[in-house]
Amino acid sequence: MFKDKNLSPKQLALLTALILSSLIALSVFVLIANWKLLLVYFIACFAVIYFLVNQILELFIYKKIKLIYKLISYTKASKREEAYQKYILPRKGIDEVREDVEKWAAQKAYEIQQLQSNEQFRKEFLQNLSHEIKTPIFAIQGYLELLSDGAVEDPILSKKFIGQAEANVQRLVGLLNDVDVITNLEINKDSILKQHFIMQDLITEVVQNLNVKLLKKNMQFQFKKGSELPIEVFADKNKIYQVLVNIFSNSVKYGKIDGEITASVYHLEDKKILVEITDNGIGIDEAHIPRLFERFYRTDDARSRDIGGSGLGLAICKHIIEAHGENIHVRSQLNVGTTIGFTLPQ
Ligand SMILES: Nc1ncnc2c1ncn2[C@@H]1O[C@H](COP(=O)(O)OP(=O)(O)O)[C@@H](O)[C@H]1O
Ligand SMILES: [Mg+2]
């Protein structure tokens with residue numbers, strides 16, 4: 001009966017009553033040596049002590065414990081649950097209560113940490129965004145000032161400065177588009193509309209649409225040997241199109257003149273396929289690789305700053321691939337090239 005080290009109030013009362021009433025009855029027996037009186041005293045003391053101790057425990061300890069539970073649980077117990085807890089479930093021992101409170105405290109600590117990191121994330125996002133907006137805006141401001149300070153009279157200079165201002169407006173528009181895409185992805189977390197399509201066809205479509213950029217750098221595209229046979233996937237075609245555009249644009253942007261881009265599509269186990277886009281461009285230093293998929297992250301390579309976009313491209317890719325429950329990864333070596341790969345369901 002008392003095996004459990006966490007005694008319930010009733011058990012505690014019972015134990016105390018048993019010990020005290022035995023002691024009292026025994027003392028009475030020693031004094032008067034009457035068996036009948038011993039029994040009467042024992043029963044009377046037992047009943048009174050049991051009742052008192054039980055009441056005291058209920059009043060001073062278990063009412064307070066109940067209050068603690070009211071504080072740490074948000075959901076209100078229904079009448080039935082309350083009755084069940086009160087009359088049927090064994091009362092919790094102090095140790096169990098401590099464990100529950102510790103669990104609750106750990107949960108709260110985790111929630112606070114989560115909130116703090118969200119807050120940090122939000123601050124960094126805003127900081128990065130304002131920084132990214134500032135750069136083109138200041139450039140536009142500079143060119144406008146140059147023009148209004150007299151350059152507008154010179155047809156060659158004015159053409160040059162207007163062209164530069166326009167390029168910066170383009171950059172701003174690109175940035176805002178990317179921010180739009182990433183915030184939309186976050187808001188409609190589940191809006192992945194899957195359909196069946198042939199991966200190679202989509203890749204070919206992307207390459208055709210980026211053909212002007214490829215031609216500008218005289219870059220060649222090909223499928224890797226063994227990847228020509230059509231492979232069907234089940235995914236959000238428009239979003240995967242976006243992913244491919246971002247990856248291919250990077251390969252063109254950070255690729256060499258006369259460079260090459262190769263796409264491969266493989267079957268993996270577990271009904272998955274692996275798509276990899278490889279270029280032989282400037283590559284990425286190992287130090288940058290772990291942070292590459294973060295928002296606004298760009299390698300501090302001066303060339304990347306010059307030609308780079310918003311730094312949101314790969315973050316968008318990661319978002320989309322993870323929304324499919326899949327993975328995206330990068331392998332790269334400086335001055336050798338970069339491979340970006342992602343998996344999709346077949
Ligand atoms: N194919 C690549 N070759 C070399 N560097 C790359 C490649 N793809 C991405 N990077 C690096 O990763 C950074 C992040 O890429 P991304 O998120 O697309 O931003 P960006 O807007 O600069 O293209 C780029 O700034 C660039 O430094
Ligand atoms: Mg990019």
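Worth saying up front: this structure is predicted, and the values here are computed from it rather than measured.
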Keeping the roles fixed (side chain from [X], backbone from [Y]), state whether a donor-acceptor pair exists under 3.5 Å.
X: Lys217; Y: Val252; answer: yes
X: Asp236; Y: Leu193; answer: yes
X: Asn168; Y: Ile140; answer: no
X: Gln200; Y: Leu229; answer: yes
X: Lys213; Y: Phe248; answer: no
X: Asn280; Y: Glu260; answer: yes

Indicate the atoms forming the closest heavy-atom contact of [X] with [Y], along with that distance.
X: Thr338; Y: Gly283; value: OG1-CA, 3.5 Å
X: Ser310; Y: Gly313; value: OG-N, 4.2 Å
X: Val53; Y: Ala13; value: CG1-CA, 3.6 Å
X: Cys317; Y: Asn246; value: SG-CB, 3.5 Å
X: Ile182; Y: Leu312; value: CD1-CD2, 4.3 Å
X: Asn34; Y: Lys36; value: OD1-N, 2.9 Å

Enclosure of [X] [atom1] (heavy-atom neighbours >12, cutoff 6.0 Å):
X: Gln333; atom1: CD; answer: no
X: Gln127; atom1: CD; answer: no
X: Gln114; atom1: CD; answer: yes
X: Lys239; atom1: NZ; answer: yes

Strictly by modelled atom types, are [X] and [Y] linked by a side-chain donor-acceptor pair under 3.5 Å?
X: Gln170; Y: Glu166; result: no
X: Glu111; Y: Gln107; result: yes
X: Ser227; Y: Ser264; result: no

Can you tell me how far apart [atom1] ([X]) and [atom2] ([Y]) are? Round to the nearest 0.5 Å.
X: Ile19; Y: Ile24; atom1: CD1; atom2: CD1; value: 12.0 Å
X: Tyr41; Y: Ser22; atom1: OH; atom2: OG; value: 15.5 Å
X: Phe46; Y: Thr16; atom1: CZ; atom2: OG1; value: 9.5 Å
X: Thr204; Y: Met199; atom1: OG1; atom2: CE; value: 10.0 Å
X: Thr299; Y: Asp285; atom1: OG1; atom2: CG; value: 9.0 Å
X: Ser130; Y: Asn128; atom1: OG; atom2: CG; value: 8.0 Å

Please answer: with hydrophobic residues joined when any side-chain heavy atoms are less than 4.5 Å apart, are [X] and [Y] in the same cluster?
X: Phe223; Y: Leu202; result: yes
X: Ile340; Y: Tyr266; result: no
X: Leu268; Y: Ile198; result: no

Determine, stepwise, if the pair Glu102 / Arg98 fulfils salt bridge (Lys or Arg N to Asp or Glu O under 4.0 Å).
CA-CA 6 Å; Glu102 273 171 5; Arg98 198 203 63 223; 3.4 Å; yes
Stepwise, does the side-chain contact (heavy atoms from CB on, under 4.5 Å) test hold for Phe293 with Val330?
CA-CA 9 Å; Phe293 293 100; Val330 54; 3.9 Å; yes
Could you go through the side-chain contact (heavy atoms from CB on, under 4.5 Å) check for Ile240 and Ile321 one step at a time?
CA-CA 8 Å; Ile240 298 302; Ile321 297 300; 4.0 Å; yes
Is there a side-chain contact between Ile277 and Phe221, using heavy atoms and a 4.5 Å cut-off?
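No - every pair of side-chain heavy atoms lies 4.5 Å or more apart.
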Picking from Glu232, His267, Lys272, what satisfies side-chain contact (heavy atoms from CB on, under 4.5 Å) with Gln346?
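Only match with Gln346 under side-chain contact (heavy atoms from CB on, under 4.5 Å): His267.
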Have a look at [X] and tell me which of [options] forms a side chain to side chain donor-acceptor pair (under 3.5 Å) with it.
X: Gln120; options: Arg122, Lys123, Glu124; result: Glu124
X: Thr262; options: Gln222, Lys225, Lys224, Gln220; result: Gln222
X: Thr343; options: Glu326, His329, His324; result: Glu326

Using distance only, find each side-chain donor-acceptor pair of residues 154-164 under 3.5 Å and give its atom names and separation, not counting sequence neighbours.
residue	atom	partner	partner atom	Å
Asp154	OD1	Ile156	N	2.9
Asp154	OD1	Leu157	N	3.2
Ser158	OG	Asp154	O	3.0
Ser158	OG	Pro155	O	3.2

For the pair Phe121 and Phe125, name the ring-plane relationship: parallel under 30°, tilted 30 to 60°, perpendicular over 60°.
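Aromatic pair Phe121/Phe125 classed parallel.
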